[in-house]
Amino acid sequence: DIVNALKDPRLSSNLMKLRSGGRPRWFPRSFRILSNSMVTTDDPDHARLKTLVHKGFTPSRVEHMAVRVQEIADELLAKLEGREVVDLLAEFALVLPMTVISEMLGVPVKERAKFRKFMLHLLDGPPSGLGRLITGLYNNVRMIRYLDGLIDLRRREPDDGLITALVGAEQSGDRLTQDELVGMVFLLLLAGHETTVNLIGNGMMALMDDRG
């Protein structure tokens, strides 16, 4: 049943298909980028994006990431050793994915504090209402501008980071556009940060609740 549902053209990941009349004529770039990401498109667009993005996640790159994540985790835990009270979320769970993502994307060391600030503003907004919408849009625009600059930097000055790999990803002459690159990085930020923080916090709570 699940396989049939996934293949059924009447069901879609594209939110614009659910809107009568399709996408409005004027559509902010920040919304356009998110609406054209890999998780909000159907085949053949989804297959194209997936093929190109996979070229950035080679087995050697993933293996290197795993080793580096362990190193960062060990460094953070070493700083907490011997203390009787630790804020697990603020001092470990939040810092770990931010550090990993910053390194993975090739964010220059001198800009990482600013990048982390952008990430926090992007992920944490006012609780509800119009204020959240306006603040969220503003933070999205700021982050997109920063990512545009970071992608342009890696076009000029390639490194061994993931953005450089995605910029160079090519399949039969096809490459990711600037908006597609920004959208992919957005997915990494949202998926790599929020899920990691929640998993560490909830996992530790479950472990402590099961001490008996």
Side-chain angles (χ1 to χ4, degrees), residues 12-42 45-46 48-50 52-53 56 90 93-159 161-169 175-198:
S12 174
S13 297
N14 188 341
L15 297 179
M16 288 298 102
K17 287 185 178 180
L18 303 178
R19 183 183 182 278
S20 60
R23 178 183 294 171
R25 292 184 179 180
W26 183 82
F27 207 53
R29 184 182 177 221
S30 57
F31 292 172
R32 186 172 67 247
I33 286 174
L34 295 178
S35 68
N36 285 334
S37 71
M38 196 161 60
V39 298
T40 55
T41 54
D42 301 322
D45 296 327
H46 177 269
R48 170 185 166 270
L49 290 173
K50 184 171 68 174
L52 289 169
V53 167
L94 282 167
V95 182
L96 177 62
M98 281 192 174
T99 304
V100 171
I101 291 172
S102 296
E103 291 191 5
M104 185 170 65
L105 298 178
V107 177
V109 175
K110 63 181 180 181
E111 294 185 6
R112 287 184 183 173
K114 179 171 70 174
F115 180 69
R116 291 176 185 178
K117 185 177 180 180
F118 281 165
M119 278 186 63
L120 287 175
H121 284 316
L122 179 68
L123 296 167
D124 298 325
S128 62
L130 182 60
R132 180 171 187 174
L133 176 63
I134 295 174
T135 302
L137 179 59
Y138 174 70
N139 289 331
N140 282 356
V141 170
R142 291 179 68 200
M143 177 59 88
I144 287 173
R145 286 178 178 173
Y146 180 82
L147 294 178
D148 277 333
L150 184 59
I151 291 168
D152 291 341
L153 172 65
R154 291 309 163 208
R155 291 187 195 277
R156 299 190 307 269
E157 302 175 17
D159 63 1
L162 182 61
I163 285 183
T164 297
L166 293 175
V167 166
R175 294 180 181 274
L176 294 168
T177 67
Q178 183 79 1
D179 281 2
E180 289 169 346
L181 286 166
V182 173
M184 188 59 222
V185 175
F186 248 99
L187 288 183
L188 288 172
L189 296 180
L190 297 175
H193 180 272
E194 198 78 3
T195 54
T196 304
V197 174
N198 292 337

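What you see is a predicted model, and the numbers here were worked out from it, not measured in a lab.
No donor-acceptor pair closer than 3.5 Å links the side chain of R154 to the backbone N or O of V167.
Pairing each heavy atom of V197 with each of A93, the nearest pair is CG2-O, 3.3 Å. The shortest heavy-atom contact between P108 and L150 is CD-CD1, 3.9 Å. In terms of heavy atoms, H46 sits closest to M38 at CD2-O, 2.8 Å. For the pair G56 and A165, the tightest heavy-atom approach, listed with the atom from each and the gap, is CA-CB, 4.0 Å.
Remark: T164 OG1 to D159 CG distance equals 3.5 Å, nearest 0.5 Å. Rounding to the nearest 0.5 Å gives a distance of 4.0 Å between CD of E111 and OH of Y146. From L147, atom CG reaches atom CG of L105 across 8.0 Å, with rounding to the nearest 0.5 Å. Taken from CZ in R112 to OG1 in T99, the straight-line distance is 8.0 Å, to the nearest 0.5 Å. Remark: I163 CD1 to L176 CG distance equals 11.5 Å, nearest 0.5 Å. Between the CG atom of L52 and the CE atom of M184 there is a distance of 11.0 Å, given to the nearest 0.5 Å.
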For side chain to side chain contact (heavy atoms under 4.5 Å, CB included), just list the numbers for L162 and L188, CA-CA rounded to whole Å, side-chain angles, deciding distance to a tenth of an Å, and then say yes or no. CA-CA 11 Å; L162 182 61; L188 288 172; 3.3 Å; yes

Could you give me the CA-CA distance, side-chain angles and deciding distance for Q178 and D152, then say whether side chain to side chain contact (heavy atoms under 4.5 Å, CB included) is met? CA-CA 9 Å; Q178 183 79 1; D152 291 341; 3.7 Å; yes

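In this structure, R175 places its CZ atom where more than 12 heavy-atom neighbours from other residues, nucleotides or ligands lie under 6.0 Å away.
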